[in-house]
Amino acid sequence: MSIFTIGLGCDRGVALQTVREAVDAALKEAGARPDQVTAAASITLKRDEQALLALAREHGWPLHFYEAHELAGVAVPNPSETVRRYTGTPSVSEAAALLAAGPCAGAAAPSSALAVEKHKHRGADGRNATVSIARKDA
């Protein structure tokens, strides 16, 4: 059975519903269920982001936060200079998903460990959420 970790990125002040929709769509794309998720993760800049905190609480997922330099050390398939300009790392969601999955998912071939690389969603609130999902065989 596979287990999954979720990496989350978002605009400041994003609505919980927007993050829910992004996560639901990404899980569907991965063929995964919420009860197969063992952790969610993001950047320390989002430590106080209410939608991320509420989503993790709803599902009972541990929520990990990583510093920008930790995320920047992870090879990802879709780095972004725009993300680097605002956060100090070229990837938040992909790198956070891989770090939360642990060394087995991220060490050998990071991109192959991502079941969903970078799912972007713009919600009815006009804000964006990005979700990446790493698969880890149990």
Side-chain angles (χ1 to χ4, degrees):
M1 179 177 112
S2 292
I3 56 175
F4 299 89
T5 57
I6 293 180
L8 300 165
C10 64
D11 291 343
R12 178 62 65 190
V14 67
L16 174 58
Q17 186 60 29
T18 296
V19 178
R20 271 192 201 123
E21 290 167 358
V23 168
D24 289 349
L27 285 171
K28 184 175 181 181
E29 184 178 332
R33 300 181 317 268
D35 66 340
Q36 292 176 287
V37 175
T38 59
S42 189
I43 190 168
T44 53
L45 292 171
K46 301 296 181 181
R47 184 171 280 174
D48 61 348
E49 191 66 49
Q50 293 304 306
L52 301 187
L53 298 171
L55 183 77
R57 196 171 37 247
E58 279 181 3
H59 290 285
W61 297 334
L63 183 55
H64 305 284
F65 295 97
Y66 298 101
E67 297 289 340
H69 69 88
E70 294 175 285
L71 296 168
V74 179
V76 295
N78 300 293
S80 166
E81 285 307 312
T82 301
V83 171
R84 182 194 309 267
R85 192 169 42 250
Y86 289 104
T87 66
T89 176
S91 171
V92 173
S93 67
E94 290 179 333
L98 289 168
L99 282 175
C104 292
S111 62
S112 66
L114 287 172
V116 176
E117 291 184 355
K118 195 171 186 179
H119 177 84
K120 297 180 186 177
H121 175 68
R122 185 175 184 88
D125 62 344
R127 299 191 189 269
N128 298 296
T130 304
V131 179
S132 299
I133 299 178
R135 179 189 327 266
K136 185 173 182 177
D137 292 326

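For the numbers below, each heavy atom of this structure counts, side chains included, while hydrogens, waters and symmetry mates do not.
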Could you tell me whether a side-chain N or O of [X] sits under 3.5 Å from a main-chain N or O of [Y], the two making a donor and an acceptor?
X	Y	value
K136	T5	no
S80	P90	no
D11	N128	yes
T89	A72	yes
R84	G88	no
Q50	D48	yes

Hydrophobic clusters here meaning ILVMFWY residues chained together by side-chain heavy-atom distances under 4.5 Å, can you tell me if [X] and [Y] are in one?
X	Y	answer
V74	L63	no
V19	V37	yes
L71	Y86	no
V23	L16	yes
I3	I133	no

Parallel, tilted or perpendicular: ring planes of Y66 versus H64, cut at 30 and 60 degrees: tilted

Check whether any side-chain heavy atom of [X] sits under 4.5 Å from a side-chain heavy atom of [Y], and report yes or no.
X	Y	answer
V76	L114	no
V83	V92	yes
E49	S42	no

Can you name the closest pair of heavy atoms from [X] and [Y] and give their distance?
X	Y	result
G123	T18	CA-OG1, 3.4 Å
A25	H119	CB-NE2, 3.4 Å
F65	K46	CE2-O, 3.5 Å
L45	R12	O-NH2, 2.7 Å
P34	W61	O-NE1, 3.2 Å
A97	G7	CB-N, 3.4 Å

Chi angles and distances behind the side-chain contact (heavy atoms from CB on, under 4.5 Å) call for L27, V131: CA-CA 9 Å; L27 285 171; V131 179; over 6 Å; no

Distance, nearest 0.5 Å, that separates [atom1] of [X] from [atom2] of [Y]:
X	Y	atom1	atom2	answer
L55	D24	CG	CG	8.0 Å
H121	T130	NE2	OG1	10.5 Å
E58	L53	CD	CG	11.5 Å
I6	H59	CD1	NE2	7.5 Å
R85	T82	CZ	OG1	4.5 Å
S91	N78	OG	CG	8.0 Å

Check: D125/Q17 side-chain N/O donor and acceptor closer than 3.5 Å: no

